[in-house]
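Have a look at this one.
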Amino acid sequence: MKQLFVLDPIELINPAKDSTAALIEAAHRASIEVWGCTPADLQAIGAKARVVARTIIPDPWITLGEPVNLDLNAFDCIWMRKDPPVNEAFLYATHLLEVAERDGVLVLNKPSSLRAWNEKLGALRFSKLMAPTLVASRVNELKDFAKEQGEVVLKPLGGKGGQGVIRVANAAEGIDALLELVTTQEQMPVMMQKFLPKVTEGDKRILLVNGDPFGAINRRPKYGDFRSNLALGGNAEATELTVREKNICDELGPSLKNEGLFFVGIDVIGGMLSEINVTSPTGIREVERLMNIPLADQVIQCLLKDIA
């Protein structure tokens with residue numbers, strides 16, 4: 001079996017922290033031939049998708065083969081693990097991967113779903129599970145919502161890792177100017193959500209594989225911040241799923257599975273769904289370390305069982 005990982009330059013990956021590195025190592029342990037490329041290495045010649053890829057031997061990290069030009073249908077499975085932002089280059093890569101998909105190659109996550117499920121807006125499909133939320137560009141509507149909720153957070157729709165997330169009270173001086181800034185003078189929509197004080201107790205990252213929860217960690221904000229993202233200094237700790245969180249997973253699972261979202265990370269704060277992360281979700285290393293679960297191996301075994 002051969003699997004291709006489409007990712008950022010692999011030389012820049014920290015194998016001790018990166019979920020893609022964990023999946024590559026697990027695939028290697030499962031005797032899968034592993035290859036890697038960047039989105040820029042994808043090609044299409046007529047109706048045939050091709051790639052300039054290199055073999056990856058991850059143990060010890062890392063040995064790379066020489067670049068080889070191959071048909072994408074030479075691979076049994078392709079993992080799209082390019083980190084955000086979801087920019088033009090990312091979107092074009094999903095279109096090229098769809099050429100391979102039409103030729104019978106399994107692509108994870110499904111390219112069309114990567115485009116359709118914005119990591120903020122995708123959660124609106126399950127709005128009853130979320131805190132009160134408004135997506136808008138107009139300052140007056142956003143200001144009225146902030147006044148109604150008392151305290152809110154603002155999230156850029158294309159943000160990642162907590163970057164650009166702002167906590168604001170409706171009575172804050174200069175709120176009009178702030179909203180004008182984040183909406184680019186009412187030209188760009190932003191997400192505004194009721195602030196959940198329970199974020200101080202943690203923001204739970206739950207990893208779902210083929211619609212089922214396989215592991216979770218709780219992420220607590222560092223002192224002086226309300227954002228719990230690990231990339232911003234949040235602290236990970238072991239956790240268990242509550243009944244409410246299991247119910248959220250049950251609610252999301254069938255839709256994720258039906259739309260080809262094989263590996264997904266959802267964020268839950270105080271029993272409220274916050275985000276559905278479908279582009280290169282993280283958290284495998286932390287689950288493995290804190291929960292003593294061989295999560296990456298379980299993901300690969302689930303995949304092999306699914307495509308057998």
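Since we're looking at a predicted model, the values are computed, not measured.
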Distance, nearest 0.5 Å, that separates CD of Gln3 from CD1 of Ile56: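 Rounded to the nearest 0.5 Å, the CD-CD1 separation comes to 11.0 Å.
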
message: Tell me whether the count of non-hydrogen atoms from other residues, nucleotides or ligands lying under 6.0 Å of CG in Asn14 goes above 12.
response: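 Yes, the 6.0 Å shell around CG holds more than 12 heavy atoms from other groups.
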
- request: Would you give the length of the straight line joining atom CD of Glu237 to atom CE of Met291, rounded to the nearest 0.5 angstrom?
  value: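 Taking CD in Glu237 and CE in Met291, the distance rounds to 10.5 Å.
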
query: Checking salt bridge (charged side-chain N to carboxylate O under 4.0 Å, His left out) for the pair Arg167/Glu151: CA distance, chi angles, key distance, verdict?
result: CA-CA 7 Å; Arg167 176 180 172 184; Glu151 192 169 11; 2.6 Å; yes

message: So does Gln187 get a backbone contact from the side chain of Thr184, meaning a donor-acceptor N/O pair under 3.5 Å?
response: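 Side chain of Thr184 to backbone of Gln187, a donor-acceptor pair under 3.5 Å: no, none is there.
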
Arg81 side chain vs Pro281 backbone, donor-acceptor pair below 3.5 Å: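 Yes; judged by distance alone, with no hydrogens or angles, the pair exists.
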
- prompt: Can you tell me if CD on Glu11 sees more than 12 non-hydrogen neighbours from other groups inside 6.0 Å?
  reply: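 For Glu11, atom CD is crowded (more than 12 foreign heavy atoms under 6.0 Å).
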
field: Interatomic distance, Leu154 atom CG to Leu179 atom CG [nearest 0.5 angstrom]
entry: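 So the CG of Leu154 and the CG of Leu179 are separated by 6.0 Å.
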
- request: State, with a plain yes or no, whether a side-chain heavy atom of Ser112 is found less than 4.5 Å away from one of Thr94.
  value: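 Side-chain contact under 4.5 Å: no.
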
query: Are a donor atom and an acceptor atom from the side chains of Asn69 and Arg50 found within less than 3.5 Å of each other?
result: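 Result is yes, a qualifying pair exists.
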
query: Quick one: does Asp212's side chain get under 4.5 Å of Cys249's, heavy atoms only?
result: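 Of all side-chain heavy-atom pairs linking Cys249 with Asp212, none is under 4.5 Å.
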
- prompt: Under 3.5 Å, is there a donor-acceptor pair between the Thr133 and Gln193 side chains?
  reply: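 Short answer, yes.
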
query: Is there a donor-acceptor pair under 3.5 Å between the side chain of Asp71 and the backbone N or O of Lys48?
result: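 Answer holds: no.
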
task: Taking all non-hydrogen atoms of both residues into account, name the closest pair between Met1 and Leu304 and its distance.
output: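 Closest approach of Met1 to Leu304, heavy atoms only: SD-CD2, 3.3 Å.
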
query: Looking only at heavy atoms, what is the nearest atom pair of Leu303 and Leu108, with distance?
result: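 Between these two residues, the closest heavy atoms are CD1-CD1, 3.6 Å.
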
task: Find out whether the Lys NZ or Arg CZ of Lys82 is both under 6.0 angstrom from the six-membered ring centre of Phe90 and within 45° of the ring's axis.
output: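 Not flagged: Lys82 not positioned over aromatic ring of Phe90.
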
message: Ignoring hydrogens and geometry beyond distance, is a side-chain donor-acceptor pair present between Asn258 and Ser255 at under 3.5 Å?
response: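 Note: Asn258 and Ser255 side chains miss the donor-acceptor criterion.
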
- prompt: Sub-3.5 Å donor-acceptor pair from the side chain of Ser113 to the main-chain atoms of Gly260, do we have one?
  reply: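 Absent.
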
- request: Measure across Ile248 and Gly271 and return the closest heavy-atom pair with its distance rounded to 0.1 Å.
  value: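 Taking Ile248 first and Gly271 second, the nearest heavy atoms are CD1-O, 3.6 Å.
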
message: Please check: side-chain N/O of Asn109 versus main-chain N/O of Phe262, any donor-acceptor pairing under 3.5 Å?
response: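 The answer is yes, because a donor-acceptor pair under 3.5 Å joins these two groups.
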
Side-chain H-bond candidate by donor/acceptor type, Trp35 with Glu33, under 3.5 Å: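 Side-chain D/A pair, Trp35 to Glu33: present.
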
message: Rounded to the nearest 0.5 Å, what separates atom CG in Leu196 from atom CD1 in Ile269?
response: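 Going from CG on Leu196 over to CD1 on Ile269, the span is 5.5 Å.
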
- prompt: If you measure only the distance, is there a donor-acceptor pair under 3.5 Å linking the side chains of Ser274 and Lys155?
  reply: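 Yes, a side-chain donor-acceptor pair sits under 3.5 Å.
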
Aromatic ring pairing Trp79/Phe5, orientation class (parallel under 30°, perpendicular over 60°, tilted between):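 Answer is parallel, since the angle falls under 30°.
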
Presence of salt bridge, Lys128 and Glu251, under 4.0 angstrom: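 Yes, charged N to carboxylate O under 4.0 Å.
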
query: Roughly how far apart are Met80 CE and Leu4 CG, rounded to 0.5 Å?
result: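 Met80 CE to Leu4 CG: 10.5 Å, rounded to 0.5 Å.
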
task: Go through Glu98 and Arg115 one step at a time and tell me if the salt bridge (charged side-chain N to carboxylate O under 4.0 Å, His left out) criterion holds.
output: CA-CA 11 Å; Glu98 269 185 323; Arg115 294 193 298 270; 3.0 Å; yes

- request: Evaluate side chain to side chain donor-acceptor pair (under 3.5 Å) for Asn277 paired with Asp267, printing each intermediate quantity in order.
  value: CA-CA 8 Å; Asn277 299 277; Asp267 297 335; 3.2 Å; yes

message: Within this structure, what is the CG-CZ distance for the pair Leu256 and Arg125, rounded to the nearest 0.5 Å?
response: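 Leu256 CG to Arg125 CZ: 9.5 Å, rounded to 0.5 Å.
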
message: Can you give me the closest heavy-atom contact between Val34 and His28, atom names plus distance?
response: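 Minimum heavy-atom contact is CG2-N, 4.1 Å.
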
Nearest heavy-atom neighbours spanning Arg285 and Ala21: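 For Arg285 versus Ala21, the nearest heavy atoms are NH2-C, 3.9 Å.
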
message: Between the side chains of Lys120 and Glu275, is the shortest nitrogen-to-carboxylate-oxygen separation below 4.0 Å, so that they form an ion pair?
response: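 Looking at Glu275 and Lys120, the cut-off is met.
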
query: Would you say Val135 and Val190 make side-chain contact, with heavy atoms under 4.5 Å?
result: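 Side chain of Val135 against side chain of Val190, heavy atoms only: no contact under 4.5 Å found.
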
query: Salt bridge between Lys110 and Glu101, side-chain N to carboxylate O under 4.0 Å?
result: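 Looking at Lys110 and Glu101, the cut-off is met.
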
task: Could you tell me whether the side chain of Asp8 and the main chain of Asp83 form a donor-acceptor pair under 3.5 Å?
output: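 Confirmed, Asp8 side chain pairs with Asp83 backbone.
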
query: Will you find, in the side chains of Thr279 and Glu119, an N or O donor that is under 3.5 Å from an N or O acceptor?
result: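 The answer is yes; a qualifying pair exists.
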
- prompt: Quick one: does Glu245's side chain have a donor or acceptor within less than 3.5 Å of a partner on Thr242's backbone?
  reply: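 Yes, the answer is positive, given that a donor and an acceptor are paired below the 3.5 Å cut-off.
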
- prompt: So, for Glu288 and Leu295, which heavy atoms are closest and what is the spacing to 0.1 Å?
  reply: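 In this case the closest contact between Glu288 and Leu295 is OE2-N, 3.4 Å.
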
- request: Might you confirm whether atom NZ of Lys2 has over 12 heavy atoms from other residues, nucleotides or ligands at distances under 6.0 Å?
  value: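 Yes - once you tally the heavy atoms of other residues, nucleotides and ligands closer than 6.0 Å, there are more than 12.
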
